[in-house]
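Indexing begins at 1, ligand by ligand and atom by atom, following the structure's order.
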Amino acid sequence: MSGADRVEALLDDAACRLEAAGMSNAAGEARMLLAHQLGCSPSRFRIWPEALVGDDDAETFRTLVAARAGGRPLAYITEECEFWSLPLKVTPATLIPRPDTETLVEAAIACPLPEVARVLDVGTGSGAVALALAQERPDWYVTASETSGEALAVAETNASTLGLKVTFVEGDLLAPFHETDAWDLIVSNPPYVAADDPHLCCGDLRYEPQSALAAGADGLDVIRPLVAGALQRLAPGGWLLLEHGYDQALAIAALLKEAGFGSCFMQHDLAGNPRVSGGRRED
Ligand code: GLN
């Protein structure tokens, strides 16, 4: 077509394609993709549905819709995802932050901690948890570690875009830190999906870094060393908080006790699933 397409027609056509591909929020996603392409807010389309879109933008938009219809996660197409009301950049090097993970942030800010706490987020990915904590508690010293240099670069970009202060460290789990570091709080949303879980082959998970999702036969291959190594890196009275799978709470309670943690607790996510467990270094 020469000239230009109307917003309304482009969105209707895209919504049909996305719906046919099985997307549950087809119209909403079509608006988000067009807003991304045009660099505007999706609400503008309601006010001005007859606005014209140039050929180049319309063509690129159709390519984005085709990618989404093919299964590519919306967040990887737009390179954006909101977490804790923070607009975050995400790329295929990082997990796409889940609303469930806000339970971990809530548990962390509810912990009885010193006002100027020293906090470590292990395996920060896009930086979601560390940045939410830095936003909520500006007096905390927040450090975040990540084994993937590519993911760490995304987290650093997010921190500077949002103007939030987090110290980033590249390295595997607790390896970059000393036993004398004495953190007041260690939080982590580690990989915890069992390697043969069929969900890894569904939806967005197919496109996400498997190293950020899967952790051995029972999904606990990362959590086990993390729990075992965390206690001696906490200050007396310090807390360890972990996100985990809906069916892992009992196993994690056992790991926390075995490692010597006290005051163990578990918190459900908004869907009512066990999602976060924690314990305290009592001595
Ligand atoms: N909660 C995610 C999912 O099952 C997994 C995130 C993770 O492994 N940390 O989709």
Nearest neighbour in protein (non-hydrogen) for [atom]:
atom                   : value
atom 4 (O) of ligand 1 : Val193 CG2, 4.0 Å
atom 3 (C) of ligand 1 : Arg98 NH2, 3.7 Å
atom 1 (N) of ligand 1 : Tyr192 OH, 2.7 Å

The single option from Pro236, Ser263, Pro112, Cys111 passing side-chain contact (heavy atoms from CB on, under 4.5 Å) against Arg280: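 Output: one option passes, namely Ser263.
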Any atoms of ligand 1 less than 4.0 Å from a non-hydrogen atom of Pro190? List them with their elements.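 Those atoms are 7 (C), 8 (O), 9 (N).
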Under 4.0 Å from a heavy atom of Leu213: give me the atoms of ligand 1 that qualify, with their elements.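 Result: 5 (C), 8 (O).
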Taking side chain as C-beta onward, heavy atoms only, is Cys81 less than 4.5 Å from Arg98?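 Counting from C-beta outward, Cys81 and Arg98 never come under 4.5 Å.
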Is the closest side-chain heavy-atom distance between Tyr192 and Ile223 below 4.5 Å?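 The answer is yes, as the side chains (C-beta and beyond) meet within the 4.5 Å cut-off.
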Under a heavy-atom criterion of less than 4.0 Å, does Ala215 contact ligand 1?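 Contact check Ala215 vs ligand 1: negative.
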Please list, chain by chain and in numerical order, all residues satisfying side-chain contact (heavy atoms from CB on, under 4.5 Å) with Ala235, sequence neighbours excluded.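 Listed in chain order: Ala182, Asp184.
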Given the rule that I, L, V, M, F, W and Y join up when any side-chain heavy atoms are under 4.5 Å apart, are Val169 and Leu226 in one cluster?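 Same hydrophobic cluster.
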